[in-house]
Amino acid sequence: MSTTTTGADARDEDPRPGGPADSPFVRACRRQPGPHTPVWFMRQAGRSLPEYRAIRANVGMLESCRRPDLVTEITLQPVRRHGVDAAILFSDIVVPVAAAGVDLDIVPGTGPVVAEPVRTLTDVERIRPITRDDVSYVDEAVRLLVAELGDTPLIGFAGAPFTLASYLVEGGPSRTHAKTKALMYGQPELWHALCGRLAEVTLAFLRVQVAAGVSAVQLFDSWAGALSEADYRRFVLPHSAGVLAGLADAGVPRIHFGVGTGELLAAMGEAGADVVGVDWRTPLDAATRRIGPDRAVQGNLDPCVLFAPWPVVEAEVRRILEQGRAAPGHVFNLGHGVLPETDPDVLTRVVALVHELSAQSGDRG
């Protein structure tokens, strides 16, 4: 794909045969047949790769996300090494929140840390709307990547309102989400105001990525599994649904993923995604029964399996492919992100195995 046909213009010219819109990944997301089950890995660009550690040396995470040259190189690294069927934009879920005026940093070994946690409506009102100009570095990086990737699709992403709200209320990562739930239960009006504002920021951030040329988007709700289904439906689903509905006319598949969400899968599907990500706890055939026949699934190898002997890895890959055949579309992935200690060669072997087995058995994504 030339640099003169990047972004939305290029996608409008696609679906020429061989373009990203006709890739095995996008076809599986749309529940269409393809040559094999596509595979990519959450956190495929990251600390498991020595080339990533080298390029990130002495460069902070937020700075890395704001440098289009670094974003481009880091995003491309696992595509070159593993032969995955899709790239995912190197960024972080707090990037748009920082662009919206929240004072935060990504602290090594800890994660996002917020200087002044949200406690009042005034705090919420300080989170300003964002425009393309606020995240122009993301727009530039996506356009560079689309030109480099050619027929390989690029996935854009953002954090879902609940997970972002949890970081802002807690002031950082939390095991219990106690402050988050206290605000949610005790001040529901403030909670919905916060999530509504974050939904606007998230949607704007994803729309920038779509306009620049991503072929799909993934909404990460990493902490949603901390909630009951009743609480999810009352306090979270309306805001995630608002983001996904805002992308209904974008022309790209929408993926929705959370961790520990086995009991929430039906509700997460109802939020409006085309693909529901499933962590390793729920078999894909069971997940498909919960989600329904109108959505594809993504997942769901336990990241820790990658540390086992190869015959164990192979057996688990075979099991997941077999269970994934129950779905109308299946994108092979992990049940969460690649762990930093993972041997990259194992990931490369998994990609080759998925392609080989699914092509032999007649799986079509």
request  = Inspect the contact between Arg47 and Glu341 and indicate whether a charged nitrogen and a carboxylate oxygen are less than 4.0 angstrom apart.
outcome  = no
query = Does Asp105 reach the side chain of Val113, with side-chain heavy atoms less than 4.5 Å apart?
reply = no
inquiry  = I'd like to know if Asp123 and Arg126 make a salt bridge, using a cut-off of under 4.0 Å between side-chain N and carboxylate O.
reply    = yes
key: Glu51/Arg80 ion pair, N-O < 4.0 Å   = no
ask   = Is the closest side-chain donor-acceptor distance between Arg56 and Ser64 under 3.5 Å?
value = yes
task = Answer whether the closest heavy-atom distance between the side chains of Leu104 and Leu62 falls below 4.5 Å.
result = yes
query = Taking all non-hydrogen atoms of both residues, which atom of Pro173 and which atom of Gly111 are closest, and how far apart?
reply = CG-CA, 4.4 Å
query = Mind checking whether Phe162 and Phe235 have ring centres under 6.0 Å apart?
reply = no
query = Taking everything shown except Arg234 itself, do over 12 heavy atoms lie less than 6.0 Å from its CZ?
reply = no
task = Answer with yes or no whether the side chains of Gln44 and Gln77 bring together a donor and an acceptor at under 3.5 Å.
result = no
note = d(Ile74 CD1, Leu145 CG) to nearest 0.5 Å is 10.5 Å
query = Quick one: CG on Leu321 to CG on Leu357, what's the gap to the nearest 0.5 Å?
reply = 6.0 Å
ask   = What residues form a salt bridge (charged side-chain N to carboxylate O under 4.0 Å, His left out) with Glu63, not counting sequence neighbours?
value = Arg67
Test side-chain hydrogen bond (donor to acceptor under 3.5 Å, both in side chains) applied to Arg349 - qualifying residues, sequence neighbours left out = none
request  = Please work out whether the ring planes of Phe41 and His82 are parallel, tilted or perpendicular, with thresholds of 30° and 60°.
outcome  = perpendicular
request  = State which residues pass salt bridge (charged side-chain N to carboxylate O under 4.0 Å, His left out) with Asp274; sequence neighbours excluded, sorted by chain then number.
outcome  = Arg254
ask   = More than 12 foreign heavy atoms under 6.0 Å from CD of Glu189: is that the case here?
value = no
task = Please report the closest heavy-atom contact between Met268 and His256, naming both atoms and the distance.
result = O-CD2, 3.6 Å
Check ion pair Glu322-Arg325 (N to O, under 4.0 angstrom) = yes
key: Residues forming a salt bridge (charged side-chain N to carboxylate O under 4.0 Å, His left out) with Glu356, sequence neighbours excluded   = none
request  = Can you tell me which residue pairs pass the ring pair (Phe, Tyr, Trp, His ring centres under 6.0 Å) test with a partner in residues 302-323, sequence neighbours excluded?
outcome  = none
message = Quick one about Thr342 and Ser48 (side-chain donor to acceptor, distance below 3.5 Å, no hydrogens or angles considered), yes or no?
response = no
ask   = Side chains of Asp302 and His336: do they bring a donor and an acceptor to under 3.5 Å?
value = no
ask   = For the atom pair SG (Cys65) and OH (Tyr137), what is the distance rounded to the nearest 0.5 Å?
value = 8.5 Å
ask   = Once you round to the nearest 0.5 Å, how far does CG of Asp22 lie from CD of Gln32?
value = 8.0 Å
task = Return the orientation label for the Phe220 and Phe157 ring planes: parallel under 30°, perpendicular over 60°, tilted otherwise.
result = perpendicular
remark   = Applying salt bridge (charged side-chain N to carboxylate O under 4.0 Å, His left out) to Asp294 and not counting sequence neighbours gives none
query = About how many Å separate CD of Gln209 and CG of Leu247, when rounded to the nearest 0.5 Å?
reply = 9.5 Å
ask   = Could you give the distance from OG1 (Thr163) to CH2 (Trp223), rounded to the nearest 0.5 Å?
value = 7.5 Å
query = Going through the distances and angles, do Trp40 and Gln298 end up as a side chain to side chain donor-acceptor pair (under 3.5 Å)?
reply = CA-CA 10 Å; Trp40 69 280; Gln298 179 174 278; 3.1 Å; yes
